[in-house]
Amino acid sequence: QVQLVESGGGLVQAGGSLRLSCAASGRLFSIRTMGWYRQAPGKQRELVAGFTSGGSTNYAESVKGRFTISRDNAQNTVYLQMNSLKPEDTAVYYCNAEVKPTAWGRVGDYWGQGTQVTVSS
């Protein structure tokens, strides 16, 4: 019903930048929230940055001032600009969205397949 496709991960040196993209497709009556999570080996998945249902943004303390989330509503796409990357930012980054697929359907929680971000020191 709903697909989230991420792109933009890769290998970068510390201090470098990457831009992640996540495009939502399928049955998208309304998108309530959309954002990025990450999971490093041996750690729990954590919120990196996201848009709330009211349109405001949330950031993890560890990325404030370095990462910026933005979106293109017409394209149902959310971006994560990551600057001043650190080795501790290394993780698999997942796109997440709460979507109401149809006018009569329930809101569902959807995840992308993940994209690897590796920051070398």
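Throughout, residue positions are numbered sequentially from 1 according to the sequence presented.
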If you define the side chain from C-beta out and look only at heavy atoms, does anything of Phe67 sit under 4.5 Å from Val48? yes
With a 4.5 Å heavy-atom cut-off, do Met34 and Leu4 have their side chains touching? yes
When rounded to the nearest 0.5 Å, the distance separating CD of Gln75 from OG of Ser21 is 11.0 Å
Quick check for you: to the nearest 0.5 Å, what is the distance between Arg71 atom CZ and Ile31 atom CD1? 9.0 Å
Check the pair Asn58 / Leu47 against side-chain contact (heavy atoms from CB on, under 4.5 Å), numbers first and verdict last. CA-CA 9 Å; Asn58 288 325; Leu47 174 69; 4.3 Å; yes
Less than 4.5 Å apart, side chain to side chain, heavy atoms only: is that true for Val99 and Val107? no
Closest heavy-atom pair, Ala14 versus Ser121, reported as atoms and distance to 0.1 Å, is CB-CA, 4.4 Å
In this structure, CD of Glu6 is separated from CG of Leu80 (nearest 0.5 Å) by 11.0 Å
side-chain contact (heavy atoms from CB on, under 4.5 Å) between Trp111 and Arg45, intermediate numbers included: CA-CA 12 Å; Trp111 294 89; Arg45 192 172 295 190; 3.2 Å; yes
Hey, does Lys86 have a side-chain heavy atom less than 4.5 Å from the side chain of Arg66? yes
Does any part of the side chain of Thr115, heavy atoms only, come nearer than 4.5 Å to the side chain of Val92, both counted from C-beta? no
Distance in Å, Asn96 CG paired with Thr33 OG1, rounded so as to fall on 0.5 Å steps: 6.0 Å
Does Tyr37 belong to the same Ile/Leu/Val/Met/Phe/Trp/Tyr cluster as Val78, with side-chain heavy atoms less than 4.5 Å apart forming each link? no
Quick check: closest heavy atoms across Ala91 and Ala40, and the distance to 0.1 Å? CB-N, 3.8 Å
Taking all atoms of both residues into account, what is the closest heavy-atom pair of Ser17 and Asn83, and its distance? OG-OD1, 2.9 Å
For Thr90 and Glu88, does a side-chain donor sit closer than 3.5 Å to a side-chain acceptor? no
Check whether any side-chain heavy atom of Val119 lies under 4.5 Å from a side-chain heavy atom of Gln13, and answer yes or no. no
Could you walk me through whether Thr102 and Arg27 satisfy the side-chain contact (heavy atoms from CB on, under 4.5 Å) test, starting with their C-alpha distance in whole Å, then the side-chain angles of each, then the deciding distance to 0.1 Å, before giving a yes or no? CA-CA 7 Å; Thr102 62; Arg27 307 185 84 171; 3.6 Å; yes
Under a 3.5 Å distance rule, please check whether Tyr59 uses its side chain to pair with a backbone N or O of Ile69 as donor and acceptor. yes
Report yes if the side chains of Gln81 and Ser70 come closer than 4.5 Å at any heavy-atom pair, otherwise no. no
Spacing of CG belonging to Asn76 relative to OG belonging to Ser25, to within rounding of 0.5 Å: 8.5 Å
May I ask you to establish whether Arg19 and Tyr79 are in a cation-pi arrangement, using a distance under 6.0 Å from NZ or CZ to the six-membered ring centre and at most 45° from the ring axis? yes
Side-chain donor/acceptor of Lys100 to backbone N/O of Leu28, under 3.5 Å: no
Stacked cation flag Arg38 on Tyr94, 6.0 angstrom / 45 deg: no
Could you tell me whether the side chains of Asp72 and Thr77 share a donor-acceptor contact shorter than 3.5 Å? no
Are any of the side-chain heavy atoms of Tyr93 and Val117 separated by less than 4.5 Å? yes
Quick check for you: to the nearest 0.5 Å, what is the distance between Cys95 atom SG and Gln113 atom CD? 9.0 Å
